[in-house]
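Just so we're clear, the structure is a prediction, and the values are computed from it rather than from any experiment.
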Amino acid sequence: MAPPSCLLRVGWLPAALCALALALAPASDATSASLVGINYGRVGSNLPPPQAVLPLLEGLGIGRVRLYDADPAVLHAFAKTGVELFVGVPDQSLAGLADPGGADSWLRSNVMPFLPDTKIAALTVGNEVLTGNNSAVTRALLPAMQSLHGALAKLGLDKQIAVTTAHNLGVLGTSYPPSSGAFRRDLLPYICPILDYHARTGSPFLVNAYPYFAYSGDPKGIHLEYALLEAGYAGVPDPNSGLRYPNLLVAQVDAVYHAIAAANTAAAQVVEVRISETGWPSSGDPGETAATPQNAARYNSNAMRLVAEGKGTPLKPTVAMRAYVFALFNENLKPGLASERNYGLFKPDGTPVYELSYKLPRDNSTFGGAGNSGWRFPGGGGGNVSGGYDNNGVNSGYYDISAASPDSAALTCR
């Protein structure tokens, strides 16, 4: 890749950071070996142009980015950088993509012009659709995923680009203890065929997991160290499985694994759960007392370390966790509580919101070739208000610390 530009369009970039970017510019289009990624949302009026993002990623040692749309300027900015992208398909596009012809047209307009220079590893169809309030979009979700996957297969790209969707943890009716994890009864008609789809295509089940919301909702019942993923915390035992959970994030992931197993035993053997969003806000409204720079620094540093170590969860110890930190920037146009506008690692001017105590190793080795994102397929190894999140732009990650509810226990697809 060419050295990151520090000219006019990136004029906001501090000189020292620009020099760092030039020093760190990789010699080839390699993808970081780290399993840590970051969400690059753009719901702001004061954000820098996409070219300015590259030196920030290089400084962090992150080579994987999740986008919330297919903005051409952003996709062009990542060309020949080796950065691996998850490209979002906005909710409002799903109805048209349910038709195979619409999916083919969308790919030819939004994906094909950027290949192979831009490394697109996955399409995330909608965001938190099943816990939204639009029934038409909910009904269109799986057909859109299937049509996009079929269109990629016709183009010979289905082994290079996965098609999936990201779920709010509110799809769970029960999540504590993790071994009692179960999907909401009313969502099973949608989740069951989605699990079949993931099992058939080898694509992962993505969840937006936020221990912050659990702690904020029950600060007396959840220890802060448990929510912040502190390594020295003794952990919480699961009384049913006997497994001990060192932190809340792995407990959330295993609750999803248990829900998949309860709903679809066959899918549980092959479907991998990955974290599409996780983070902690650095500021909030007066009542959001846990949203501080200190807590955000501790959580995101610990989350990066946890994933970089390549370990799994207590239930799946041999399956390395993968996670995308939320988010790259503070975004001033996001609706909701003040915390929603303060999840970024960086301010819009490129300065850190706080200092991370953990730095990812800069390992630019590849996974074996362009477009190889580690998926396990069957049979095979300037500011704007786009780039949004759908679902009203709110990170509403959910974790129910209560006991199993009677209408969600032991629910299965068959």
Side-chain angles (χ1 to χ4, degrees), residues 35 66 122 124 126-131 141-142 162 164-188 190-199 202-214 226-227 229 236 238 240-241 243 245-279 303 306-307 311-324 326 376 395-405 408-413:
L35 302 183
R66 181 185 173 209
T124 53
N127 189 47
E128 301 187 343
V129 169
L130 296 185
T131 48
L141 176 59
L142 180 58
T164 183
T165 187
H167 300 284
N168 184 302
L169 273 182
V171 298
L172 299 181
T174 307
S175 52
Y176 179 82
S179 58
S180 295
F183 291 116
R184 282 169 40 186
R185 181 187 299 272
D186 61 311
L187 295 181
L188 282 178
Y190 303 103
I191 289 177
C192 290
I194 286 175
L195 291 175
D196 287 336
Y197 164 85
H198 285 310
S203 51
F205 189 96
L206 302 182
V207 292
N208 298 339
Y210 288 89
Y212 167 75
F213 290 106
Y226 186 58
L229 322 183
V236 175
D238 185 313
N240 300 326
S241 67
L243 296 174
Y245 283 87
N247 62 70
L248 186 49
L249 185 62
V250 294
Q252 291 179 331
V253 172
D254 274 359
V256 177
Y257 271 122
H258 278 290
I260 293 173
N264 188 323
T265 305
Q269 304 303 311
V270 294
V271 175
E272 182 179 341
V273 176
R274 297 185 183 179
I275 302 167
S276 41
E277 292 179 15
T278 193
L306 182 68
V307 176
K311 297 179 181 178
T313 67
L315 182 64
K316 301 278 188 177
T318 62
V319 180
M321 285 181 60
R322 293 171 179 255
Y324 286 74
F326 190 93
R376 293 180 296 173
N395 300 311
S396 48
Y398 177 86
Y399 182 80
D400 177 16
I401 200 68
S402 64
S405 57
S408 60
L411 298 179
T412 63
C413 294

Participant: Is there a side-chain contact between Val271 and Tyr197 in this structure, where contact means two heavy atoms from C-beta onward sitting under 4.5 Å apart?
Facilitator: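 SC-SC contact between Val271 and Tyr197 ruled out.
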Participant: With sequence neighbours excluded, tell me which residues meet salt bridge (charged side-chain N to carboxylate O under 4.0 Å, His left out) with Lys316.
Facilitator: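 Applying salt bridge (charged side-chain N to carboxylate O under 4.0 Å, His left out) to Lys316 gives none.
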Participant: Within the 4.5 Å heavy-atom criterion, are Ile260 and Phe183 side-chain neighbours or not?
Facilitator: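 SC-SC contact between Ile260 and Phe183 confirmed.
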Participant: Any side-chain to backbone donor/acceptor pair from Thr131 onto Val171? Under 3.5 Å, distance only.
Facilitator: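 Such a contact is absent between Thr131 side chain and Val171 backbone.
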Participant: Once you round to the nearest 0.5 Å, how far does CG of Leu248 lie from OH of Tyr176?
Facilitator: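 These two atoms lie 10.5 Å from each other.
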Participant: Can a donor-acceptor pair be found, under 3.5 Å and without considering hydrogens, that links the side chain of Asn240 to the backbone of Ser179?
Facilitator: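 Pair absent, no side-chain N/O of Asn240 close to backbone of Ser179.
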Participant: What is the minimum heavy-atom distance between Ser203 and Ala162, and which atoms define it?
Facilitator: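 In this case the closest contact between Ser203 and Ala162 is CB-CB, 4.4 Å.
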Participant: I need the Leu206 CG to Glu128 CD distance, nearest 0.5 Å.
Facilitator: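 CD of Glu128 is found 11.5 Å from CG of Leu206.
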Participant: Does any part of the side chain of Val319, heavy atoms only, come nearer than 4.5 Å to the side chain of Glu272, both counted from C-beta?
Facilitator: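 Sidechains of Val319 and Glu272: in contact.
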Participant: Sequence neighbours left out, what passes side-chain contact (heavy atoms from CB on, under 4.5 Å) with Ala303? Give chain and number order.
Facilitator: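 side-chain contact (heavy atoms from CB on, under 4.5 Å) check on Ala303 returns Leu229, Tyr299.
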Participant: Is the backbone N or O of Pro204 less than 3.5 Å from a side-chain atom of Thr164, with the two atoms forming a donor-acceptor pair by type?
Facilitator: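 Side chain of Thr164 to backbone of Pro204: a pair is present.
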Participant: If I compare all heavy atoms of Gly170 with all of Arg184, which pair ends up nearest, and what's the gap?
Facilitator: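 Taking Gly170 first and Arg184 second, the nearest heavy atoms are O-CD, 3.1 Å.
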Participant: When rounded to the nearest 0.5 angstrom, what is the spacing between CZ in Arg322 and CD1 in Ile275?
Facilitator: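 The distance works out to 12.0 Å.
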Participant: When rounded to the nearest 0.5 angstrom, what distance separates CG in Leu306 from CG in Leu35?
Facilitator: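 Output value for this atom pair is 11.0 Å.
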Participant: If I take atom CG from residue Asp196 and atom CD1 from residue Ile191, how far apart are they, to the nearest 0.5 angstrom?
Facilitator: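 It comes to 12.0 Å.
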Participant: Got a second to check how far Asn208's CG is from Leu169's CG, nearest 0.5 Å?
Facilitator: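 Output value for this atom pair is 7.5 Å.
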Participant: I'd like to check Ile194 versus Leu130 (side-chain heavy atoms, cut-off strictly below 4.5 Å). Are they in contact?
Facilitator: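 Ile194 reaches Leu130 side chain to side chain.
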Participant: Checking Arg66 against Thr124 for the side chain to side chain contact (heavy atoms under 4.5 Å, CB included) test, could you report, in this order, the C-alpha distance in whole Å, the side-chain angles of both residues, the deciding distance, and whether it holds?
Facilitator: CA-CA 9 Å; Arg66 181 185 173 209; Thr124 53; 4.1 Å; yes
Participant: Measure up the Phe205 and His167 rings against each other and bin them: parallel (under 30°), tilted (30 to 60°), perpendicular (over 60°).
Facilitator: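 Phe205 and His167: parallel rings.
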Participant: Could you tell me whether a side-chain N or O of Asn264 sits under 3.5 Å from a main-chain N or O of Leu195, the two making a donor and an acceptor?
Facilitator: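 Looks like no, no N/O pair under 3.5 Å.
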Participant: Side chains of Tyr190 and Leu141: does their closest heavy-atom pair fall under 4.5 Å?
Facilitator: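 No. Closest side-chain heavy atoms not under 4.5 Å.
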Participant: Pro246: what forms a side-chain contact (heavy atoms from CB on, under 4.5 Å) with it, not counting sequence neighbours?
Facilitator: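 If we apply the side-chain contact (heavy atoms from CB on, under 4.5 Å) test to Pro246, skipping adjacent residues, the hits are Val250, Pro314.
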